[in-house]
Novice: 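Got a structure here, written out as structure tokens. Questions coming.
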Amino acid sequence: MGYKKCPRCGLNYIKDDQDYCDVCQKEMNYKLENKISLKRNLVIKTGDIFPFSRNYELINFLTGRNLKNYYKTTYKITDTCYLWLIALDGQIRGDWKDIFLYDGRIKENFVGDKSNPPSNIDLTFQYIYKAVFQKYNDSFIFKGIYKLDKENISLFERYYIKVSDTTTLNDF
């Protein structure tokens, strides 16, 4: 078994099968115990910070699941609401560019090869509501519940309007 540096602090060495060093794990557990007592029906508010660096860690925490190495940016909560774990910095990631606009909306833009888009590109139209968690360093910040603006959509560009600052993730 080999060793690697802790991905959170970059200082301590951990075994290959560990996610974090003991120091970071204790700090994260302390933050969770003192900031959020979250189970399935917890009310989440805009601005709440979740100290996780990986998508599956946040999903597991919010849903009680035990996913391993789930790196997709969406996760189905209800038939109409998905978790959306994104960076809203305008950088291109996986042929998508997501931007938090000055008017409070979110713009999702496919900037990849439009003549050969991914086969699931139209699935986003099923995601009417999105619980948006902005990726920021080693944490996620809850931005709110956003609804697809059906009047301003195309296959490659979509806008989302904020509809709620709080949720239990089962509201929509």
Side-chain angles (χ1 to χ4, degrees), residues 4-12 14-100 104-108 120 123-124 126-148 158 160 162-172:
K4 62 183 179 183
K5 282 196 174 184
C6 174
R8 187 163 186 269
C9 68
L11 300 172
N12 299 314
I14 58 176
K15 294 179 182 176
D16 283 333
D17 62 347
Q18 288 180 290
D19 289 329
Y20 303 104
C21 69
D22 291 341
V23 174
C24 287
Q25 191 64 53
K26 284 178 187 174
E27 182 182 84
M28 290 168 51
N29 289 344
Y30 176 80
K31 286 180 183 178
L32 291 177
E33 290 167 8
N34 289 292
K35 170 91 171 105
I36 304 166
S37 167
L38 190 62
K39 297 296 176 212
R40 289 192 171 211
N41 288 322
L42 171 80
V43 176
I44 302 170
K45 299 174 188 143
T46 296
D48 282 350
I49 298 171
F50 299 85
F52 299 107
S53 61
R54 295 185 177 103
N55 293 3
Y56 69 88
E57 294 170 330
L58 177 63
I59 293 167
N60 290 345
F61 183 72
L62 294 172
T63 65
R65 300 289 308 264
N66 190 19
L67 302 174
K68 295 283 184 189
N69 300 321
Y70 184 92
Y71 294 103
K72 293 181 182 179
T73 59
T74 58
Y75 183 81
K76 183 177 179 177
I77 296 295
T78 68
D79 287 338
T80 58
C81 186
Y82 286 72
L83 293 178
W84 195 19
L85 315 173
I86 57 172
L88 294 167
D89 57 6
Q91 298 295 315
I92 297 171
R93 291 179 179 85
D95 292 335
W96 291 91
K97 182 174 164 182
D98 303 312
I99 303 170
F100 189 74
R105 294 180 303 155
I106 295 174
K107 179 181 177 183
E108 179 184 37
N120 65 347
L123 287 180
T124 302
Q126 296 173 12
Y127 309 161
I128 297 170
Y129 295 99
K130 290 186 176 183
V132 178
F133 291 83
Q134 181 177 3
K135 178 73 172 152
Y136 184 75
N137 293 332
D138 286 335
S139 298
F140 289 90
I141 302 169
F142 180 63
K143 301 302 281 184
I145 298 291
Y146 285 76
K147 183 178 182 180
L148 180 64
R158 300 168 191 132
Y160 296 87
K162 189 176 207 176
V163 295
S164 182
D165 283 320
T166 62
T167 185
T168 63
L169 295 179
N170 295 309
D171 302 336
F172 296 90

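In this chain, numbering begins with 1 at the start of the sequence shown.
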Novice: Within the structure provided, determine whether Leu148 and Arg158 are in side-chain contact (heavy-atom separation under 4.5 Å).
Specialist: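 Answer yes - side chains close enough.
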
Novice: In Å and rounded to the nearest 0.5 Å, what is the OG1 to CG distance from Thr73 to Leu85?
Specialist: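 Going from the OG1 atom of Thr73 to the CG atom of Leu85 covers 7.0 Å.
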
Novice: Against Trp84, only a single residue in Phe140, Tyr146, Tyr160 fulfils ring pair (Phe, Tyr, Trp, His ring centres under 6.0 Å); can you say which?
Specialist: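 Going through Phe140, Tyr146, Tyr160 one by one, the ring pair (Phe, Tyr, Trp, His ring centres under 6.0 Å) with Trp84 is satisfied by Tyr160 alone.
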
Novice: Taking the six-membered ring of Phe100, is NZ or CZ of Lys143 closer than 6.0 Å to its centre and within 45° of its axis?
Specialist: yes

Novice: Nearest 0.5 angstrom please: Glu108 CD to Leu88 CG, how far?
Specialist: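 CG of Leu88 is found 10.5 Å from CD of Glu108.
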
Novice: Would you say that Leu83 contacts Leu169 through its side chain, given a criterion of any heavy-atom pair below 4.5 Å between the two side chains?
Specialist: yes

Novice: Sequence neighbours left out, what passes side chain to side chain donor-acceptor pair (under 3.5 Å) with Asn60? Give chain and number order.
Specialist: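 By the side chain to side chain donor-acceptor pair (under 3.5 Å) rule, Asn60 matches no residue at all.
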
Novice: Does the side chain of Asp48 reach to within under 4.5 Å of the side chain of Ile141, using non-hydrogen atoms?
Specialist: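 A side-chain contact under 4.5 Å is absent here.
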
Novice: Are Val132 and Ile106 side-chain neighbours, meaning at least one heavy-atom pair lies under 4.5 Å?
Specialist: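 In contact.
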
Novice: So does Asn137 get a backbone contact from the side chain of Lys135, meaning a donor-acceptor N/O pair under 3.5 Å?
Specialist: yes

Novice: For a quick test of reading the model, state the closest non-hydrogen atom pair linking Cys81 to Ala131 and the distance between them.
Specialist: SG-N, 4.1 Å

Novice: With the side chain counted from C-beta on, respond yes when Ile14 and Tyr20 share a heavy-atom pair under 4.5 Å apart, and no when they do not.
Specialist: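 Ile14 vs Tyr20: side chains apart.
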
Novice: In Å and rounded to the nearest 0.5 Å, what is the CD1 to OG1 distance from Ile77 to Thr74?
Specialist: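 One finds 10.5 Å between CD1 of Ile77 and OG1 of Thr74.
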
Novice: Excluding sequence neighbours, so at least two apart, what forms ring-ring contact (aromatic ring centres under 6.0 Å, His included) with Phe133?
Specialist: Phe50, Phe142

Novice: Go through it in stages, so that I can follow the logic: the residues are Tyr129 and Ser164, the test is side chain to side chain donor-acceptor pair (under 3.5 Å), and I'd like the CA-CA distance, side-chain angles, deciding distance and then a yes or no.
Specialist: CA-CA 10 Å; Tyr129 295 99; Ser164 182; over 6 Å; no

Novice: For Arg54, is there an ion pair with Asp19 - N to carboxylate O distance below 4.0 angstrom?
Specialist: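 Salt bridge between Asp19 and Arg54, a charged N being under 4.0 Å from a carboxylate O: yes.
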
Novice: Taking atom types as modelled and ignoring hydrogens, do the side chains of Tyr75 and Thr63 form a donor-acceptor contact shorter than 3.5 angstrom?
Specialist: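 Side chains of Tyr75 and Thr63: no pair found under 3.5 Å.
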
Novice: Would you give the length of the straight line joining atom CD1 of Ile145 to atom OG1 of Thr167, rounded to the nearest 0.5 angstrom?
Specialist: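 The distance works out to 4.0 Å.
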
Novice: Would you say NZ of Lys45 has more than 12 non-hydrogen atoms from neighbouring residues, nucleotides or ligands within 6.0 angstrom?
Specialist: no

Novice: Can you say whether the rings of Phe52 and Phe61 are parallel (under 30°), tilted (30 to 60°) or perpendicular (over 60°)?
Specialist: tilted

Novice: Hey, could you give me the CZ/OG distance between Arg8 and Ser139, rounded to the nearest 0.5 Å?
Specialist: 6.5 Å

Novice: List the residues meeting salt bridge (charged side-chain N to carboxylate O under 4.0 Å, His left out) with Asp165, not counting sequence neighbours, and say none if there are none.
Specialist: Lys162

Novice: Can you tell me how far CG of Asn12 sits from CG of Asp22, rounded to the nearest 0.5 angstrom?
Specialist: 8.5 Å

Novice: For the residue pair Gln134 and Ile86, establish whether any side-chain heavy-atom pair is separated by less than 4.5 Å.
Specialist: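 Side chain of Gln134 against side chain of Ile86, heavy atoms only: no contact under 4.5 Å found.
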
Novice: Give the intermediate values and the outcome of salt bridge (charged side-chain N to carboxylate O under 4.0 Å, His left out) for residues Arg93 and Asp89.
Specialist: CA-CA 10 Å; Arg93 291 179 179 85; Asp89 57 6; 2.8 Å; yes

Novice: For Pro7 and Asp138, work out which heavy atoms get closest and say how close.
Specialist: O-OD2, 4.2 Å

